[in-house]
Chemist: 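One structure is given below, represented as structure tokens, and several questions about it will come after.
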There are 2 protein chains.
Amino acid sequence: MNGRFPIAMHIMTLLCTADDYLSSDYMAGSINVNPVLVRKELSNLIKHQLITSREGKNGGYTLSKPATSISLASIYQSVKQGNVLGQAKNQPNPACPIGKQINNHLKDLDNEIEQAMLNKLGTTNLAAFCKKFD
Amino acid sequence: MNGRFPIAMHIMTLLCTADDYLSSDYMAGSINVNPVLVRKELSNLIKHQLITSREGKNGGYTLSKPATSISLASIYQSVKQGNVLGQAKNQPNPACPIGKQINNHLKDLDNEIEQAMLNKLGTTNLAAFCKKFD
DNA sequence: TTAATTGTAATATTTTTTATTACAGTACAA
DNA sequence: TTGTACTGTAATAAAAAATATTACAATTAA
């Protein structure tokens with residue numbers, strides 16, 4: 001259970017409400033995590049084309065498109081890793097008829113559940129989320 | 001991202017397909033994790049009244065009710081801990097207007113998403129899941 | 001009364017997450 | 001043209017979480 005989604009949401013909310021480029025140090029101060037961790041997440045959000053950056057003095061980060069066209073599902077997808085329902089580290093015993101198959105069935109289940117989550121997350125966009133902060 | 005849900009599902013599937021009490025050591029062998037970890041999860045599943053145990057020689061574990069009346073949502077709920085969408089370790093900066101409020105809004109969002117997951121998980125019961133292993 | 005088992009505590013190890021340090025590269029602005 | 005405020009990223013350290021191990025008391029069937 002890591003903090004990547006909350007951090008990404010915090011970043012996106014800050015950028016949504018800002019009317020100019022924000023620096024990673026400023027955002028790290030609001031989120032209260034190490035600036036390098038924020039920069040890594042910013043880097044990831046750039047890779048997923050949700051934000052853009054400007055280097056050099058007075059540089060920083062800004063949304064790459066209107067907040068109304070950024071769904072929370074796309075933010076989730078940019079930070080997601082592994083299974084929503086978790087994952088056992090070891091392979092189950094292949095000599096056991098249950099062990100042999102269960103990973104496939106659990107993976108199918110995980111996909112279904114993740115889809116349900118994404119559907120729900122897809123009903124809200126960043127602009128709507130930010131309205132809550134008025 | 002821990003393995004508690006997969007392990008609990010593996011346990012429940014084994015008990016569902018067994019026609020007698022199963023020992024924690026046998027289950028640990030199928031799951032391929034440490035027996036003590038399995039016993040801890042068994043202990044938790046007992047606490048949530050999904051299974052029962054019998055001590056002593058020829059002891060073990062069995063389902064406490066028909067597999068058709070055990071929904072996957074109840075299994076999920078018995079192992080769940082913390083937020084589905086994750087959680088940042090540090091408190092955001094309370095001096096920041098976003099930082100001050102974001103945890104509440106993220107918690108609301110988390111609740112919504114968890115509910116969507118539970119709704120979906122609630123559409124399947126253990127018996128149906130076990131049918132896949134035929 | 002022995003052997004197989006549950007139940008649980010204490011501790012160790014491994015893995016993951018987060019923090020820190022360091023510094024090269026970029027661009028604004030005096 | 002030089003200093004300063006940034007981005008970007010690598011390497012390492014520290015902290016936290018997950019899993020494994022050891023140990024043993026309590027229970028019960030045979």
Side-chain angles (χ1 to χ4, degrees), chain A residues 1-8 10-11 14-15 18 20-29 31-48 50-64 79-83 85-93, chain B residues 1-8 10-11 14-15 18 20-29 31-48 50-64 79-83 85-93:
Chain A
M1 202 202 313
N2 69 20
R4 288 189 62 198
F5 180 75
I7 289 170
H10 199 139
I11 289 169
L14 288 169
L15 295 180
D20 197 4
Y21 281 65
L22 295 181
S23 75
S24 57
D25 270 21
Y26 172 79
M27 293 190 268
I31 302 170
N32 190 26
V33 290
N34 192 281
V36 176
L37 189 60
V38 174
R39 295 211 275 271
K40 273 187 193 154
E41 201 55 71
L42 288 163
S43 194
N44 180 56
L45 292 167
I46 289 171
K47 197 167 63 197
H48 285 83
L50 296 178
I51 66 177
T52 56
S53 68
R54 187 167 69 187
E55 291 198 348
K57 190 165 181 179
N58 300 329
Y61 302 83
T62 195
L63 297 181
S64 66
V79 302
K80 113 179 178 79
Q81 45 188 4
N83 294 1
L85 296 176
Q87 199 155 277
K89 200 154 33 215
N90 307 327
Q91 281 301 117
N93 185 345
Chain B
M1 205 202 313
N2 69 21
R4 289 188 61 197
F5 180 75
I7 288 170
H10 199 140
I11 289 169
L14 288 169
L15 295 180
D20 197 5
Y21 281 65
L22 295 181
S23 75
S24 58
D25 271 22
Y26 171 79
M27 293 190 269
I31 302 170
N32 190 25
V33 291
N34 192 280
V36 176
L37 190 60
V38 174
R39 295 211 275 269
K40 272 186 192 154
E41 201 55 71
L42 289 163
S43 192
N44 180 56
L45 292 167
I46 289 172
K47 198 168 64 198
H48 285 83
L50 296 179
I51 66 176
T52 57
S53 68
R54 188 167 67 185
E55 292 197 348
K57 189 164 182 181
N58 300 330
Y61 303 84
T62 194
L63 297 182
S64 66
V79 303
K80 112 179 179 80
Q81 46 188 2
N83 295 0
L85 296 175
Q87 198 154 277
K89 204 156 27 217
N90 307 327
Q91 281 301 114
N93 186 346

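Sequence lines set the chain letters: A, B, ... in the order given, protein chains first and strands last, and positions in each chain run from 1. Computed from heavy atoms alone, side chains included, the values below leave out hydrogens, waters and symmetry copies.
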Chemist: Decide yes or no on side chain to side chain contact (heavy atoms under 4.5 Å, CB included) for Asn44(B) and Arg4(B), but give the supporting numbers first.
Modeler: CA-CA 11 Å; Asn44(B) 180 56; Arg4(B) 289 188 61 197; 3.1 Å; yes
Chemist: How many angstroms lie between CG in Leu14(B) and CD1 in Ile11(B), if you round to the nearest 0.5 Å?
Modeler: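 Between Leu14(B) CG and Ile11(B) CD1, I get 8.0 Å after rounding to 0.5 Å.
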Chemist: Counting only heavy atoms from other residues, nucleotides and ligands, does the tally under 6.0 Å from OH of Tyr21(A) exceed 12?
Modeler: yes
Chemist: Separation of Gln87(A) atom CD from dT19(D) atom C1', in whole Å?
Modeler: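 For the pair Gln87(A) CD and dT19(D) C1', the rounded distance is 15 Å.
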Chemist: At under 4.0 Å between heavy atoms, which parts of nucleotides 22-30 of chain C does protein reach? Answer with one letter per nucleotide, 5' to 3': B base, S sugar-phosphate only, - none.
Modeler: ----BBB--
Chemist: Can you see if the side chain of Ser53(B) gets near the phosphate of dT6(C) - specifically, an N or O under 4.0 Å from OP1 or OP2?
Modeler: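 No, outside the criterion.
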Chemist: If you round to the nearest 0.5 Å, how far is OG of Ser24(A) from CD of Glu41(A)?
Modeler: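 One finds 13.0 Å between CD of Glu41(A) and OG of Ser24(A).
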Chemist: Got a sec, which residues hit ring-ring contact (aromatic ring centres under 6.0 Å, His included) with Phe5(A), two or more places apart in sequence or on another chain?
Modeler: Tyr76(A)
Chemist: If I take atom NZ in residue Lys89(A) and atom P in nucleotide dT17(C), what distance separates them, rounded to the nearest angstrom?
Modeler: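 About 10 Å, once rounded to whole Å.
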Chemist: Round to a whole Å and report the spacing from CD of Glu41(A) to P of dT17(C).
Modeler: 12 Å
Chemist: Please report the distance, rounded to the nearest Å, between OH in Tyr61(B) and P in dT28(D).
Modeler: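 Those two atoms, OH and P, are 14 Å apart.
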Chemist: Whole angstrom is fine here: how far is it from CE in Met27(B) over to C1' in dG7(C)?
Modeler: 13 Å
Chemist: Separation of Leu37(B) atom CG from dT15(C) atom C1', in whole Å?
Modeler: 14 Å
Chemist: Tell me the interatomic distance from Asp25(B), atom CG, to dT21(D), atom C1', rounded to whole angstroms.
Modeler: 13 Å
Chemist: Would you kindly give the CD1-to-P distance between Ile51(B) and dT6(C), to the nearest whole Å?
Modeler: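 About 10 Å, once rounded to whole Å.
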Chemist: Report which part of the nucleic acid Ile7(B) touches: base, sugar-phosphate, or nothing (heavy-atom distance under 4.0 Å, all strands).
Modeler: nothing
Chemist: Report yes if at least one side-chain N or O of Ser43(A) is closer than 4.0 Å to OP1 or OP2 of dT9(D); otherwise report no.
Modeler: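 For Ser43(A), the contact criterion (side-chain N or O under 4.0 Å from OP1 or OP2 of dT9(D)) is met.
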Chemist: Does the Asn90(A) side chain pair with the main chain of Asn32(B), one donor and one acceptor, at a distance under 3.5 Å?
Modeler: yes
Chemist: Using OP1 and OP2 only, check whether a side-chain N or O of Ser23(B) sits under 4.0 Å from dT5(C).
Modeler: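 So the side chain of Ser23(B) is outside the cut-off, no N or O lying under 4.0 Å from OP1 or OP2 of dT5(C).
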Chemist: Closest-nucleotide mapping onto DNA chain C: is Ile46(B) or Ala88(B) further toward the 5' terminus? I mean the 5' end.
Modeler: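 Between the two, 5'-proximity favours Ile46(B).
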Chemist: Just verifying a value: how many Å separate Ile7(A) CD1 and Asn2(A) CG, rounded to the nearest 0.5 Å?
Modeler: 8.0 Å
